[in-house]
Amino acid sequence: MKKNLFISHDANRAGGQIVLLQLLRQLKQQGLPMHLLLCSDGPLEEEFREVVPTTRLPRLGDVHFSPLVTKVLRLVGWEERIKHRVLAKRWAQFRAEMEAQSFGLIFANTIAAAAAYRHLGFLSVPTVLFAHELEMSIKKYSHPDDMAHLMANTNHLIVVSKAVANYFKATYQYPDAQISTFQIIDIPLILQRIEEGRKTDIRKVLGVPTNAVLIGGCGHAEWRKGNDVFMMVAQQVIQHLGERPVYFVWVGMREDSELYEVQRFDAERMGLSERIIHVGLTSEVFQYLSQFDVFTLTSREDPYPLVVLETALAERPIVCFEKSGGAPELVEEDAGFVVPYLDVVAMSKAVITLIENPDLRRQQGKRGKEKVLERHATDASVAKVVETIRRLNP
């Protein structure tokens, strides 16, 4: 088999990138020859490099000179011109290095790789697209021309949920026969990290009572994730339950972001700054997921977020919105609650029901874990990927 070139748009600690990292680890054990094209940096870059040889896509932002040279070039007005000349040389070197690798297949992880894919036309090899996105993400993270080019050249599409499959069939008329629908996660690794996470008393870390009920949310701060909805649910639930020690904890919001400031502003004016807690970016996510009592997926759109699968494996019930992506396909009627789209009142009532019924929480949490183990067995999912790669790159 020739080498397989994987593309990741960056190395941020987010669902799609984490799933790719887990997949690469599994494929390395299968002995597949691989190389990674990383389009931008991020905290996972070192971990990627530990698993697979990695090349960074040339970027103008990576062209730097010494302070003295920069000062001189600016004085004569040549800084941008010289930077573009350096970048052009790096592109020529990049192409030569890629052609020398003798790749037999391109595996694009997420539609955000569409822009980089346009630069790889000289490879002329089959392409697999692993799509984690729905309508709003595709509009935000890709250009229509780049997407059209990628879809026209995709030989096989892997999607994470039926919701994503239906979107690609309807929007791009992509043939059903060339679509595989499954999620790829490293279940043994996740279960190990859940157990490790439980060793830390997160209530003590947060400075809340030992009997506190923790309602969790997780993800980057953006409109799609429904951070504002999380705040409104928190307000309704806490007001309904009065003095009961219920705390809402959102993990993963950058403390230097504008939305973080807005959320803290709102929490203060709600009179809930002590009861709504925002945890910044952290590598210790499992300390929280493993000890939340209920997980609220307030996303307006989320294809099939990794955090939902991780939460289910931690045996925690999930409340999510219908028509928001793939999570309802797992939650259904026995692993939490699926409520009408953006119905904050319905989500609040579901959370209250779970808070007031510990046995129901345990029952639904247990069922969620069972369904992930039944439907997303790591070996079976990896085997499907290997089969697809070997068929296109024999």
Side-chain angles (χ1 to χ4, degrees), residues 4-38 44 47-48 50-52 105-113 126-134 137 154-165 167-168 174 178-194 219 285-286 289 302-314 325-327 329-330 368-393:
N4 301 285
L5 178 63
F6 290 77
I7 308 174
S8 180
H9 63 285
D10 64 32
N12 283 326
R13 197 177 296 278
Q17 297 89 318
I18 293 172
V19 168
L20 177 61
L21 179 59
Q22 294 177 353
L23 174 61
L24 292 174
R25 287 176 176 145
Q26 294 291 324
L27 295 179
K28 184 177 182 180
Q29 294 178 12
Q30 299 284 329
L32 267 66
M34 302 182 296
H35 194 94
L36 175 65
L37 175 60
L38 198 56
L44 292 178
E47 293 185 55
F48 274 122
E50 290 174 355
V51 177
V52 62
L105 178 137
I106 295 174
F107 190 107
N109 186 59
T110 82
I111 56 86
T127 299
V128 174
L129 171 60
F130 187 13
H132 306 250
E133 297 87 2
L134 284 165
S137 294
T154 293
N155 300 87
H156 193 86
L157 177 66
I158 299 174
V159 293
V160 296
S161 65
K162 294 176 184 177
V164 179
Y167 176 80
F168 274 83
Y174 199 81
Q178 294 172 225
I179 301 177
S180 297
T181 304
F182 56 88
Q183 180 60 283
I184 306 165
I185 57 172
D186 190 336
I187 290 177
L189 177 63
I190 293 172
L191 291 175
Q192 176 187 336
R193 290 184 174 172
I194 288 170
V285 174
F286 288 98
L289 297 184
D302 233 331
Y304 199 6
L306 176 62
V307 69
V308 164
L309 300 173
E310 294 170 336
T311 298
L313 286 171
E329 297 170 24
L330 176 73
K369 180 178 180 179
E370 290 172 350
K371 290 201 285 188
V372 174
L373 295 176
E374 292 167 2
R375 302 176 185 183
H376 303 295
T378 303
D379 291 345
S381 297
V382 172
K384 292 178 183 178
V385 176
V386 172
E387 178 185 358
T388 299
I389 290 175
R390 290 192 183 280
R391 176 168 53 82
L392 296 173
N393 181 20

Taking all non-hydrogen atoms of both residues into account, name the closest pair between [X] and [Y] and its distance.
X	Y	value
F130	F182	CE1-O, 4.5 Å
E133	A112	OE2-N, 4.4 Å
R13	I18	CG-CD1, 4.0 Å
A163	G326	CB-N, 4.2 Å
S137	I111	O-CD1, 4.0 Å
P303	L134	CG-N, 3.7 Å

Is any side-chain heavy atom of [X] less than 4.5 Å from a side-chain heavy atom of [Y]?
X	Y	result
H9	Q17	yes
P33	N4	yes
L373	L313	yes
V52	F6	no
V308	D302	no
I184	Q22	no
T154	Y174	yes
V19	Y304	no

Test item: [X] side-chain N/O and [Y] main-chain N/O as donor-acceptor pair under 3.5 Å:
X	Y	result
S381	Q183	yes
N109	G16	yes
D10	N12	yes
E329	K162	yes
T378	I185	yes

Rounded to the nearest 0.5 Å, what separation is found between the [atom1] atom of [X] and the [atom2] atom of [Y]?
X	Y	atom1	atom2	result
Q26	L32	CD	CG	12.0 Å
L189	I194	CG	CD1	10.0 Å
H35	L37	NE2	CG	7.5 Å
N393	N155	CG	CG	11.0 Å
E50	L21	CD	CG	9.0 Å
L392	I106	CG	CD1	12.0 Å

Legend entry - Among K384, E387, H156, the one residue meeting side chain to side chain donor-acceptor pair (under 3.5 Å) with S180: H156
Inset, instruction - Answer yes or no: is there an ion pair linking E47 with R25, defined by an N-O contact shorter than 4.0 Å? - result: yes
Inset, instruction - Kindly determine whether R193 and D186 satisfy side-chain contact (heavy atoms from CB on, under 4.5 Å), including the steps that lead there. - result: CA-CA 11 Å; R193 290 184 174 172; D186 190 336; over 6 Å; no
Inset, instruction - Please test E310 against V372 for side-chain contact (heavy atoms from CB on, under 4.5 Å), starting from the C-alpha separation and ending with a verdict. - result: CA-CA 9 Å; E310 294 170 336; V372 174; over 6 Å; no
Legend entry - Within 6.0 Å of CD in Q178, more than 12 heavy atoms from elsewhere: yes
